[in-house]
Amino acid sequence: MIEDNEDNIAPEDALTGGDDASLDQAVEQDGEAPEFSDDAPGFDMLADADADNGTEVNGTEVNGATNGSYKVLARKYRPRNFDDLIGQEAMVQTLTNAFDSGRIAHGFMLTGVRGVGKTTTARILARALNYQTETMNAPSMALAEDGAHCAAIMDGTHVDVIEMDAASRTGIGDIREIIDNVRYTPSAARFKVYIIDEVHMLSKAAFNGLLKTLEEPPEHVKFIFATTEIRQVPVTVLSRCQRFDLRRLTLDDTQTLLSRTCAAEHVSLPEEALKLIARAADGSARDALSLLDRALAHMDGAHIDPDGSGGVDETTMRGLLGLADRGRIFDLFDLVMAGQVSEALAEFEAQYVMGADPAVILADMAELTHWLTRLKFVPAAQEDIAFSAQLRARGVAAAEKLSTRILSRVWQVLLAGTDEVARAGNARAAAEMVLIRLAHLADMPSPEELIKHYDAAPKASAAPASNSGGAASGGASAGGSHASGPVASHGSTAASTAPAVMAQTQNAPVLQNFQAVVDMVAEKRDIGLKHALENGVHLVAFEAAAFTPQGGARAGRIELRLAEGQDNVAQELTRKLRDWTGQSWVVSLSKEQGAATIGAVKQSVADRREEAALEDPFIKTALAAFPKAEIVSISDFDTGLSADNGEAPLDDGEASDTDADA
């Protein structure tokens, strides 16, 4: 199925399907007409057009036409009815049911990629709406013979089928002309049909002006829209139309179309050459026949024999389609992956001198990377006809050698490099920098190798951090340790085990240090008080509440100095500790310097851990391999860091809250 956006094209006998004399004449001249299978939909139009080319076929002039009247294959073999449409069975079945039941919509939206036949389908649909013969006068999908209006509609010259190219007529004035004319009845046909091609290019005002008429048109008016950019069409328009998505032709459908076209043209091409054309067409019948036209022109210039001997082979077709340099792209890829920078740049320069665009070279390398990755997971990728048999063998070997991680890394670098080349003032220089980057990444150790290197390296010992005497003493109390750790309060040791056991016996919480107090505040979800204790107070002294050996109770004592700007929290903390623990606590304020705040101690710990991390062999190796890498967080650290004055090692829980930037 071929799409043609040209308007007002003079009709040819081949397109009318009614010039049997011309067909008979061609049969006499050529000896026999090509045979077609009755059960192969979409290719019947080839039989009607094989002898009306208007040029020489195998050295014989047909119908006395000259070379100047040659009609390209994409126009010569345009479908004329729904049976000729290739690969659109779903749409044809839906429309057939609608016509049979009388549920014919007033608006149709045809969408699909270029060359799948949107405009042609619109003309066939207009022909079906206005179908009229001597025996039938009603809308019909069965267009076995040409009706009274069929030839003019398919040629785009019928007075009641108005075709408008929205790419050149985008304004509200053009739509206003349609609105003014819809009230008039058709001159000759049953329906007045408006075909608007590339409808997505209408202006916003034009779309808005069309909405009311499109929603409630007169009974004698039908709208058929065609577009390649369905997402640019307002939903208000889409909701008023029946939408049909014309799918791409499969490789098999395209190859079958090419084979039958070659048979109708009495030429022969190797199967591999037809496969290359089908793949290059990318689902577009028009592109496929245009490429076939180019191949046949090359054959005519070489005076190929009618039986196809010596025709365009696979190598020649690769040259015609621009696929001849895939082997050199593969060579460049191998040099880059081997880390041979000088050789890779020399190969790139050679391709550049031959006229290759730097962006195209990188794009071809990205396509090769994608194919190599697919080879790992899709066995059918080994049959990709875009690559020769020799390159397919090289691809299988390369895919087995390169890991998915490496190929993914190459893919990401090439994608980023393609954008860099597009933005750079010197595309060649930018592409060379991308290749140099890839070559250095090629021999970079993988994460598995880095881990093995780390395991084999000696462990780094943690250096004790220096601190002032007062800060170290305060840090032991403010930074805290686990409940089992020692408590420093004016040189005193931790409370004895006996009072702690006695307190547990009395079902009272044991708060052996200031950090335990902060943890309890956090458990009670008092966020404001927790923030004040961590960042707004300096611990001067701490004494845990305990039971005396005689069975009495001793009140806990906390002495604090408020940081600048911090509100007094002594009374609030006293009351809440008494409520939470059932014990007596005395919280008082002091003017002594005290220890650093818990927040400051944690930040100091984070700094020390970052310094220790930077000395670690594994981190050094990783940073050397990734020059732009940086440490953004340290979530776990096995080696404890000891402070001055005999501080206990910090627990891993603090490490999980540490963020560090390198």
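Summarising the geometry of Leu258 relative to Ala278, their closest heavy-atom pair is CD1-N, 4.0 Å, with the distance given to 0.1 Å. Shown here for Ile224 and Ala126, the closest heavy-atom pair between the two residues is CD1-N, 4.1 Å. Taking all atoms of both residues into account, the shortest heavy-atom contact from Ala166 to Ile196 is CB-CG2, 3.9 Å. Nearest heavy-atom pair across Leu246 and Gln88 is CA-OE1, 3.3 Å. When all heavy atoms are compared, the tightest approach of Cys262 to Leu269 is SG-CD1, 4.2 Å. Across all non-hydrogen atoms, the minimal contact from Val182 to Val221 is O-CG2, 3.6 Å.
The shortest side-chain heavy-atom distance between Asp253 and Leu257 does not fall under the 4.5 Å cut-off. Glu420 has its side chain out of reach of Met433: every pair of non-hydrogen atoms, C-beta onward, lies at least 4.5 Å apart. In this structure, Met365 and Ile329 have side chains that are in contact, with non-hydrogen atoms separated by less than 4.5 Å. Using a 4.5 Å heavy-atom cutoff, the side chains of Thr228 and Glu198 are in contact. With a 4.5 Å cut-off on side-chain heavy atoms, Val199 and Phe207 count as touching. Within the 4.5 Å cutoff, the side chain of Tyr194 has no heavy atoms near those of the Met164 side chain. Using a 4.5 Å cut-off on side-chain heavy atoms (C-beta onward), Arg428 and Phe348 make contact.
Under 4.0 Å is where a charged nitrogen must lie from a carboxylate oxygen, and between Arg247 and Asp245 no such pair does. Looking at Lys118 and Asp197, no side-chain N of the basic residue comes within less than 4.0 Å of a carboxylate O on the acidic one, giving no salt bridge. Ion pairing between a basic and an acidic side chain is recognised when a charged N comes within 4.0 Å of a carboxylate O; Asp160 and Arg190 show no such pairing.
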Quiz prompt | Criterion side-chain contact (heavy atoms from CB on, under 4.5 Å) on Phe82 and Arg127, from CA distance to verdict | solution = CA-CA 10 Å; Phe82 289 103; Arg127 177 188 174 190; over 6 Å; no

Quiz item: Can you list the steps and then say if Val237 with Phe223 is a side-chain contact (heavy atoms from CB on, under 4.5 Å)?
Solution: CA-CA 11 Å; Val237 174; Phe223 289 96; over 6 Å; no

Practice problem: Give the intermediate values and the outcome of side-chain contact (heavy atoms from CB on, under 4.5 Å) for residues Ile124 and Met154. | Solution: CA-CA 7 Å; Ile124 296 175; Met154 295 307 297; 3.9 Å; yes

Self-check item: Working for side-chain contact (heavy atoms from CB on, under 4.5 Å), residues Leu362 and Leu435
Solution: CA-CA 9 Å; Leu362 295 185; Leu435 296 178; 4.2 Å; yes

Exercise. May I have the step-by-step check of salt bridge (Lys or Arg N to Asp or Glu O under 4.0 Å) for Arg78 and Asp84, ending in yes or no?
Key: CA-CA 8 Å; Arg78 288 183 82 166; Asp84 293 342; over 6 Å; no

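In this view, Arg374 satisfies the salt bridge (Lys or Arg N to Asp or Glu O under 4.0 Å) rule with no residue, not counting sequence neighbours. Glu134 pairs by the salt bridge (Lys or Arg N to Asp or Glu O under 4.0 Å) definition with nothing, not counting sequence neighbours.
Below 30°, between 30° and 60°, or above 60°: for His149 and His158 the angle between ring planes is above 60°, a perpendicular geometry. Note on ring orientation: taking the six-membered ring where Trp is involved, the planes of Phe330 and Phe333 are perpendicular (angle over 60°, cut-offs 30° and 60°).
A distance-only check finds a donor-acceptor pair linking the side chain of Ser284 to the backbone of Arg114 [under 3.5 Å]. Side chain of Lys222 to main chain of Leu125: no donor-acceptor pair is present (N/O by atom type, distance under 3.5 Å, no hydrogens or angles). Here the side chain of Thr213 pairs no donor or acceptor atom with the backbone of Leu210 at under 3.5 angstrom. A donor-acceptor pair is defined here as one N or O able to donate and one able to accept, closer than 3.5 Å; such a pair exists between the side chain of Gln351 and the backbone of Arg328. Formation of a donor-acceptor pair under 3.5 Å by the Ser203 side chain with backbone atoms of Thr170 is found in this model.
Taken to the nearest 0.5 Å, the NZ atom of Lys204 stands 13.0 Å off from the CD1 atom of Ile172. Taken from CZ in Arg240 to CD in Glu216, the straight-line distance is 9.0 Å, to the nearest 0.5 Å. Separating the CG atom in Asp174 from the CD1 atom in Ile179 is a distance of 11.0 Å, to the nearest 0.5 Å. Annotation: the span from Leu251 atom CG to Ile277 atom CD1 amounts to 12.5 Å, rounded to 0.5 Å. Atom OG1 of Thr236 is separated from atom CG of Leu211 by 4.5 Å, given to the nearest 0.5 angstrom. In this structure, CD on Glu163 lies 4.5 Å from CD1 on Ile195, to the nearest 0.5 angstrom.
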Which pairs would a plain distance check flag for residues 94-113, meaning a side-chain donor or acceptor within less than 3.5 Å of a matching protein atom at least two apart in sequence or in another chain?
{"residue": "Thr94", "atom": "OG1", "partner": "Ala90", "partner atom": "O", "Å": "3.0"}
{"residue": "Thr96", "atom": "OG1", "partner": "Val92", "partner atom": "O", "Å": "2.7"}
{"residue": "Asn97", "atom": "OD1", "partner": "Gln93", "partner atom": "NE2", "Å": "3.0"}
{"residue": "Asn97", "atom": "ND2", "partner": "Gln93", "partner atom": "O", "Å": "3.3"}
{"residue": "Ser101", "atom": "OG", "partner": "Asn97", "partner atom": "O", "Å": "2.9"}
{"residue": "Ser101", "atom": "OG", "partner": "Ala98", "partner atom": "O", "Å": "3.4"}
{"residue": "His106", "atom": "NE2", "partner": "Leu214", "partner atom": "O", "Å": "2.9"}
{"residue": "Thr111", "atom": "OG1", "partner": "Thr227", "partner atom": "O", "Å": "3.3"}

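Each of Lys71, Arg260, Glu265 was scored for a side chain to side chain donor-acceptor pair (under 3.5 Å) with Tyr77, with one residue passing: Glu265.
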